[in-house]
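Please read all numbers here as calculations on a predicted model, not as lab measurements. Throughout, a chain's letter reflects where its sequence line sits, starting with A, and its residues are numbered from 1. Side chains included, hydrogens not; waters and symmetry mates left out as well; all remaining heavy atoms used.
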Protein chains: 4
Amino acid sequence: MPKPRFQRRKEDRPQEITAAAFAAFAEKGYAATRVDEVAKRAGVSKGLLYLYFKTKEELFKAVVRSLVMPRVDALTASIDTTELSAEEFLRGPFLDFVKKLPGSPVSVVIRLLIAEGPKHPDLVQFYWDNVVSRGLATITELLERGVANGEFRRSAVNDMPHLVIMPVVFSVVFKLLFEEQTLDTDKLIETQLELLIAHMKGAAS
Amino acid sequence: MPKPRFQRRKEDRPQEITAAAFAAFAEKGYAATRVDEVAKRAGVSKGLLYLYFKTKEELFKAVVRSLVMPRVDALTASIDTTELSAEEFLRGPFLDFVKKLPGSPVSVVIRLLIAEGPKHPDLVQFYWDNVVSRGLATITELLERGVANGEFRRSAVNDMPHLVIMPVVFSVVFKLLFEEQTLDTDKLIETQLELLIAHMKGAAS
Amino acid sequence: MPKPRFQRRKEDRPQEITAAAFAAFAEKGYAATRVDEVAKRAGVSKGLLYLYFKTKEELFKAVVRSLVMPRVDALTASIDTTELSAEEFLRGPFLDFVKKLPGSPVSVVIRLLIAEGPKHPDLVQFYWDNVVSRGLATITELLERGVANGEFRRSAVNDMPHLVIMPVVFSVVFKLLFEEQTLDTDKLIETQLELLIAHMKGAAS
Amino acid sequence: MPKPRFQRRKEDRPQEITAAAFAAFAEKGYAATRVDEVAKRAGVSKGLLYLYFKTKEELFKAVVRSLVMPRVDALTASIDTTELSAEEFLRGPFLDFVKKLPGSPVSVVIRLLIAEGPKHPDLVQFYWDNVVSRGLATITELLERGVANGEFRRSAVNDMPHLVIMPVVFSVVFKLLFEEQTLDTDKLIETQLELLIAHMKGAAS
DNA sequence: AATGAATGAGTATTCATTCAT
DNA sequence: CATGAATGAATACTCATTCAT
């Protein structure tokens, strides 16, 4: 009896499992997802799954890590290396990146965090350290660069980079809850960005 | 004389139970809250709880209803009857109201909705109809009044009342997730409101 | 506020309750019938029901007693007072009586006894003493009268009066189980009776 | 060395469980039997039981199937292959088979069917199709063979094979209810068979 | 390494019975 | 007498985790 021609290499297993887990969590949420289901989706036995992830919770954390880290890395790298002015970067790459978030896997992660956060403080901490905190820092840095360039005047926004991410989070949450209801999230994000840029470029208020 | 084992207080029971349920849901989330726990907190037997609420789900819905409706009612009533100008209302009663939301029971409801929403579409619908939709309509109305008064010029904000609630939702979510991390939600909300008012009062952009 | 014109006399209550209970038991069986349901059908509060019947089991027994006794009484009385010959009685009143049993309330009682009997030995005993035993004795007596009259010869049937009731019990059980399937129970009962009479009248076997 | 906590015996489990379930049902009836009890009797965890049988109801059906089918199969096979005359077969193998039924597991199944039938119509249907209907057909066939052989004349019995099973059903029910009371079921069954054979062999009635 | 049979603690819901009013 | 609100014991079913094979 010949071996199957393509035998899955064991190095890929964890990835395949977290991918399957993400899909399941996205559909049903953490609590409602059964480990059997994840194993089946991953084409793996339950026993093997437990070989890679000690508990369902570990699996959950691995999913969050693997989904979110790459994106943030990409964004910060792009800010650090860009040659665009601050305004150009905001209107260009940043806006592009940010408009993709509502409806993306990231929004699922946010749902999971909100739902399960109270029971997984270390996960929330991880998310804060690696995503939110870094994201805010990166934006602050970008705005400071704008001030340094003379593009922007210093304003309240420099101390509240949250104003920049705000429409994204809002859009994500809105979409999560009211998929049915239409909200032009692109326009919302753009409008807020316009408001902020106008304010930052405007005469002293 | 110890409290009697049987106490007939038909009128108050539902309230007492939903109050207890809210407390429990707030602490542990819906799924992790045991019906026994709610009954115990309410000082009531499990059987009685089921006399008033057919299922745990029904109880959940009742909690949401009883917590949220009154607040929205109060706000819309206040807008309809106020004699303040639009700007005065926004800076006064509206701001006061809205600053109280992050950290209030409402934010718990939002967490519950985000977490359990996918499994309770009718609850989400109820929330949309009675809270979000009405809230947005009320704000739109207020802004229109401002335009009619000549206080504001017509702008993108008239079509995107979401910009006004946005910082509230953001603050709620932020507080839900990162209680530890400090965010001056009051300031965030105020700043966004200033931005918007300035924009609406400003020269044509 | 005037009293209702027809106030139910308390003497009738137990009857009304057992009637309601019978209806409920007949539909759903003993275990599946809730006491609330019986109380509601009887137009009485649950508390009052428990005033008359200490437990659900007591109620069950009362139902069986009240339904079955009158019928047996009627049959034995009729045998004792008849002026018909044994054969005439069998072909006449007995056959009429017996053909009515399948599908009648009695068959419900039998179902209840079979289903719940193991848990209510005293009830079964009661039924044996008052119904089956008396019924068999009555039939034996009738057959003996026939032998004494010279209508019948003595045969195995005299020692096995069960042969006479047999088709009735069979029909009852058959109808209970296979309502759907057609069985001409009247014909079955008649045929068996013919067989027996022929045998009892026949030449010595 | 004590028995290991985990034992893998996939093949035998269903059998062991249905056997345990039968014993429990026989003692207490369906409703009064707890699933825990069945699991304990089978020396198996509750969880495993649910691995093989989706619900308690499924388990019940499996019990009925596994107990009853083999017996009917044996009887019909034996009729189809016998070289005995119809009368010989009735007096021999048939009588032997049938006398064993009262008090056998089959009678328990009948109790369960009568008690739970109304709530499990499909089970009753199954029983009708596979047991009663087939049984009656087999007997009809046997009697027809007798007529064809010239052993029997055609009579009402040909259209009412129920007359042949009747004493068995009666005996089963009688034993179920009145174990205490003595009834010589063997004699009852034999007597009825004699009656029928005499009638079928007798001169035209 | 890989499987999936086996475990058992955990939980929503029902319903006979009691008792304050 | 009469009510029905209140009790709490009882039970089917689930699912994360373990381990014999």
Side-chain angles (χ1 to χ4, degrees), chain A residues 7-10 13 31-40 43-59, chain B residues 4-13 31-40 42-59, chain C residues 7-10 13 31-40 43-59, chain D residues 4-13 31-40 42-59:
Chain A
Q7 195 161 14
R8 228 175 263 132
R9 284 165 310 164
K10 63 181 178 182
R13 283 285 165 69
T33 296
R34 294 198 307 287
V35 174
D36 302 66
E37 169 73 6
V38 174
K40 188 188 295 177
V44 152
S45 75
K46 231 189 322 181
L48 189 56
L49 190 156
Y50 271 90
L51 202 65
Y52 290 108
F53 304 95
K54 272 289 177 284
T55 65
K56 188 186 179 187
E57 196 178 318
E58 279 302 318
L59 174 60
Chain B
R5 212 162 40 117
F6 278 70
Q7 284 198 37
R8 297 173 74 91
R9 292 216 314 281
K10 186 185 177 185
E11 307 307 325
D12 307 333
R13 291 305 195 199
T33 295
R34 294 197 303 288
V35 174
D36 301 42
E37 169 73 8
V38 173
K40 189 189 294 178
V44 151
S45 73
K46 225 187 329 179
L48 187 60
L49 192 158
Y50 274 92
L51 197 64
Y52 291 108
F53 305 96
K54 278 275 181 301
T55 65
K56 188 185 178 186
E57 194 178 321
E58 280 301 319
L59 174 60
Chain C
Q7 195 161 15
R8 230 175 262 132
R9 284 164 309 163
K10 64 182 179 181
R13 283 283 165 70
T33 296
R34 294 198 308 287
V35 174
D36 302 65
E37 169 74 7
V38 173
K40 189 190 293 179
V44 152
S45 77
K46 232 189 320 182
L48 189 56
L49 190 157
Y50 271 91
L51 201 65
Y52 290 107
F53 305 95
K54 271 298 180 271
T55 66
K56 188 186 179 187
E57 197 177 318
E58 280 301 318
L59 174 61
Chain D
R5 213 161 41 115
F6 278 69
Q7 283 196 37
R8 297 174 74 91
R9 292 216 315 281
K10 186 186 177 185
E11 308 307 325
D12 307 333
R13 292 303 197 200
T33 296
R34 294 197 304 288
V35 174
D36 301 42
E37 169 73 8
V38 172
K40 189 187 294 177
V44 151
S45 73
K46 221 189 329 179
L48 188 59
L49 192 156
Y50 275 93
L51 197 63
Y52 292 107
F53 305 95
K54 279 276 182 299
T55 64
K56 189 185 177 187
E57 194 178 321
E58 280 301 319
L59 174 59

Given [options], which nucleotide is nearest the side-chain atoms of [X]?
| X | options | value |
| --- | --- | --- |
| C:Arg34 | F:dT17, F:dT11, E:dC15 | E:dC15 |
| C:Tyr50 | E:dA2, E:dT17, F:dA16 | E:dT17 |
| B:Ser45 | E:dT11, F:dT11, F:dG8 | F:dG8 |
| A:Asp36 | E:dT13, E:dA6, F:dA16 | F:dA16 |

Take atom [atom1] of [X] and atom [atom2] of [N], then tell me their distance rounded to the nearest Å.
| X | N | atom1 | atom2 | answer |
| --- | --- | --- | --- | --- |
| D:Glu58 | F:dA12 | CD | P | 16 Å |
| A:Lys54 | F:dC19 | NZ | P | 12 Å |
| B:Glu37 | E:dA12 | CD | P | 11 Å |
| D:Phe53 | F:dA12 | CZ | P | 16 Å |
| C:Lys40 | F:dA2 | NZ | C1' | 18 Å |

Item to complete: Remember a base hit wins even if backbone is also touched, and classify B:Tyr52 as base, sugar-phosphate or nothing at under 4.0 Å, heavy atoms.
Response: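 Result for B:Tyr52 = sugar-phosphate.
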Practice prompt. Of all the heavy-atom pairs spanning D:Leu49 and D:Val44, show the shortest one and how long it is.
Written response: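 In terms of heavy atoms, the two residues are closest at N-CG1, 4.1 Å.
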Worksheet entry | Pair assignment for DNA chain F - dot-bracket with | for other-strand partners, Watson-Crick or G-U under 3.5 Å | .||||||||||||||||||||
Worksheet entry | Those residues that, when tested against D:Lys56, pass salt bridge (Lys or Arg N to Asp or Glu O under 4.0 Å) (two or more places apart) |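 Counting only residues at least two positions away or on another chain, D:Lys56 forms no salt bridge (Lys or Arg N to Asp or Glu O under 4.0 Å).
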Worksheet item: Per the atom types in the model, does the base of F:dT17 pair as donor or acceptor with the side chain of A:Lys46 at under 3.5 Å?
Response: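 By the distance-only test, yes, there is a pair.
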Fill in: Which residues share a side chain to side chain contact (heavy atoms under 4.5 Å, CB included) with D:Thr55, sequence neighbours left out
D:Glu57, D:Glu58
Discussion item. I'd like to check the side chain to side chain contact (heavy atoms under 4.5 Å, CB included) partners of D:Ser45; sequence neighbours left out, ordered by chain and number.
Written reply: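 D:Ser45 satisfies side chain to side chain contact (heavy atoms under 4.5 Å, CB included) with D:Leu48 only.
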Discussion item. If you assign each of A:Leu51 and B:Glu57 to its closest nucleotide in DNA chain E, which residue comes earlier from the 5' end?
Written reply: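 So the residue in question is A:Leu51.
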Practice prompt. Please determine if a side-chain N or O atom of A:Arg13 lies less than 4.0 Å away from the OP1 or OP2 oxygen of E:dA2.
Written response: yes
Worksheet item: Between B:Leu48 and D:Thr33, which is nearer to the 5' end of DNA chain F once each is assigned its nearest nucleotide?
Response: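 Mapping each residue to its closest nucleotide by heavy atoms, the 5'-most match is B:Leu48.
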Worksheet item: If you pin C:Leu49 and A:Thr55 to their nearest nucleotides in DNA chain F, which one's is more 5'?
Response: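 That would be C:Leu49.
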Worksheet item: Nearest 0.5 Å, what's the NZ-CZ distance between B:Lys40 and B:Arg34?
Response: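 Result: 7.5 Å between the selected atoms.
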